[in-house]
Amino acid sequence: MKRIKEAFEKKPDGLLSIFVTAGFPNLNDTVEILKELEANGVEMVELGIPFSDPMADGPVIQEASGVAIENGMTLKLLFEQLKDIRKEVSIPILLMGYLNPVMQYGYEEFCKSCQEVGIDGVILPDLPLYEYKKEYKELFESHGLANTFLITPETAPERIKELDSLTNGFLYLVSSSSTTGKKSGIDGTIDYLSRVKDMNLTSPSLIGFNIKDSESYKIACKYSNGAIIGTAFIKAIMNSNNFKITVKDFVSSIR
Amino acid sequence: MDYNVDENGYYGKFGGAYIPEMLYPNVEELRENYLKISQEPEFKKEFDDLLRNYVGRPSPLYLAKRLSAKYGAKIYLKREDLNHTGAHKINNTIGQILLANRLGKKRIIAETGAGQHGVATATVCALMGLECIIYMGAVDIERQQPNVKRMQLLGATVVAAESGSKTLKDATNEAIRDWINNPADTYYIIGSVVGPHPYPDMVARFQSVISEEMKWQLEEHEGRDYPDRIIACVGGGSNAAGCFYHYLDNDKVELIAAEPAGLGLETGKTAATTAKGKPGVLHAAKTLLMQTEDGQVVEPYSLSAGLDYPGIGPMHAHLFDSGRGSFKYVTDEEALTACFELSKLEGIIPALETAHALAVLNQLDLKKDEVVVINLSGRGDKDLETLIKYI
Ligand SMILES: Cc1ncc(COP(=O)(O)O)c(C=O)c1O
């Protein structure tokens, strides 16, 4: 939780967060990718927990998720791989994924493992708000886990305010009503983004979904504290045999 | 014990709405409106009128004499196969299309397994003049060709789901993705008692016409409005929900659900969720789910495309969990045998899904005067290509 807060304090404008599926492209690539992202100035990382039925994702992340499962990635293995991550990486790391793998791992066990390896927050889009408030808010918080909520163009203002007051991480502004990596850009949703910006919310926010290049990154930074890039990054590393070069090239193509 | 949905959308510990924020406004709109709209007198009148004059309801409750003689009980068949489009699925799509109309939606999407729900959806879309897109697993498109052609003839666009196991679960994923991408103008007609609340309850209510009719039909035939047992096959569980609905609280009635064992429970080629599943979340509902230890959904298998699903509706998960329902498992082979048997004994070719319910007769210790109702959920025309391989 603390690392997320500090990241926003240090970089309130133009924070770049990268989403990458754990165990992709190869089973043991995740730690190296994390190190390269930090080395190239990326301020935050979201590690995707692979799931067989990623209903909110477009083809690219679906594919990455499938490859990771095929590779043998599991939550248990991921926590093992991340055992010493805090000796090498200091930017905030969040776990993002569908509820079912977390549920099978066990919520308490999951929170414990997150705390042990130094995970800072979670994004669980299909965890309902009522259930979070009733059953998991305290558990997450007592393990230092920030919970991040999604907001879309259709989210009503009162609900945005409620989510703003409930998050102890940041608000994830989904750029448009779509699955990940679906639409061509984000310029069609400026009205919504400026409407949210004008609400002067208390939590920091990042814009994600369909941010893919320096142009869309710049627009995102105008309306929030920064951007989350997933699909475009996955595409970039898909065929990479040298993450040092690929990650460097990717980040410098964005900013 | 309460077997119906509670005010929070749960059946015991199953159900709920595990949806990402992108779907929240849509599902919320539905949750706020489905009861209000479907209980309006105008709505009910239109629904009843279409069921009677378009679908051909009430469906007969037929005493199957030769089948009864063979199994030594009074076996009635609830003839949902005689409905327009050949299965129970249309009861639900009529209800939901009327709801979509009232919500002002112009574009209809649906998932389909065997193609029966796809056909039933394409049919009501033609009836209402609405655009219709059907997601269907690529594997199912292969094994249910006649239904693909029927949907196209009815003006629907059939989109192949190429992800995962390329069957019903993947078609459902694709339909949900479509809905996420088109939240404002699109209505998603789910085909079974699955998905986020309020879908399971809504679909169960539209299908409950089956047991509503059974009550007065049994009264006529038997002088009492309930049978001793009801048998239905369960894919997601909508035809079972429909024929159980008005008997959920009547302990005198045994509710028997037939699940597809595929090649056998221990072969790894099965879709018998209650035998092989654990609580989990799929398609936005907490329910029993076939999955790995790590929470990845296991690809189901059944010869019958309409039962080839790794979960079951939350209502049935609760019926299983509470012991109210009896769950039986039927292999492909047993289903095929039952299918041929009914064809020869009664002149009725049932759908392969339905044949799973019929096959349960072999597993019961029946008494002579017992009254059994089997929900004949659909007819077998769509399965001819599969069936002729086994003649
Ligand atoms: C004839 C028939 N019966 C049963 C089913 C299974 O669906 P449910 O379990 O929702 O009744 C199907 C699905 O396609 C079907 O076509």
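Worth saying up front: this structure is predicted, and the values here are computed from it rather than measured. The sequence lines fix the lettering, A, B, ..., with proteins before strands; numbering per chain opens at 1.
Listed options A17(B), S163(B), G164(B) were ranked by heavy-atom pairs under 4.5 angstrom with chain A; first place goes to A17(B). With respect to chain A, the highest number of heavy-atom pairs below 4.5 Å among E162(B), Q291(B), E293(B), E28(B) belongs to Q291(B). Most heavy-atom pairs under 4.5 Å with chain A: of the set T292(B), L23(B), V281(B), this distinction falls to V281(B).
Scanning residues 50-62 of chain A against chain B with a 4.5 Å non-hydrogen threshold yields P50(A), F51(A), S52(A), D53(A), P54(A), M55(A), A56(A), D57(A), Q62(A), sorted by number. Scanning residues 171-179 of chain B against chain A with a 4.5 Å non-hydrogen threshold yields N173(B), E174(B), I176(B), R177(B), sorted by number. By a heavy-atom distance cut of under 4.5 Å, L99(A), N100(A), P101(A), M103(A) are the residues of residues 95-103 of chain A near chain B, going up by number.
A distance of 6.0 Å separates CG of L75(A) from CG of D294(B), quoted to the nearest 0.5 Å. The CG atom of D126(A) sits 11.5 Å away from atom NE2 of H283(B), with the distance rounded to the nearest 0.5 Å.
Contact annotation for L289(B): only side-chain heavy atoms (C-beta onward) come within less than 4.5 Å of a heavy atom of chain A. Proximity to chain B (any heavy atom under 4.5 Å) is restricted, for F209(A), to the side chain, taken from C-beta onward. Both the backbone and the side chain of I180(B) come within contact range of chain A, each with at least one heavy atom under 4.5 Å from a heavy atom of that chain. Interface remark: I69(A) contributes side-chain atoms only to the contact with chain B (heavy atom separation under 4.5 Å). Contacts between Y172(A) and chain B at a heavy-atom distance below 4.5 Å are absent for every atom of the residue. For a residue to count as touching a neighbouring chain, one of its non-hydrogen atoms must lie under 4.5 Å from one of that chain's; by this rule L129(A) does not touch chain B. Within the 4.5 angstrom heavy-atom criterion, no atom of E299(B) approaches chain A.
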Begin from the C-alpha positions of E131(A) and K286(B) and carry the test side chain to side chain contact (heavy atoms under 4.5 Å, CB included) through to its verdict. CA-CA 12 Å; E131(A) 190 162 312; K286(B) 190 186 284 182; 4.0 Å; yes
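Residue-environment remark: CD (E29(B)) exceeds the threshold of 12 foreign heavy atoms within 6.0 Å. Around atom CD of Q115(A), more than 12 heavy atoms belonging to other residues, nucleotides or ligands sit under 6.0 Å away. Enclosure of atom NZ in K278(B) by more than 12 non-hydrogen atoms of other residues, nucleotides or ligands within 6.0 angstrom is indicated.
Taking both residues in full, the closest heavy atoms of Y18(B) and P128(A) are given as CD2-CD, 3.3 Å, listed atom of the first, atom of the second, then distance.
Listed by first then second residue, pairs satisfying side chain to side chain donor-acceptor pair (under 3.5 Å) with a partner in residues 145-157 of chain A read T152(A)-T155(A), E154(A)-S177(A), T155(A)-E21(B), not counting sequence neighbours.
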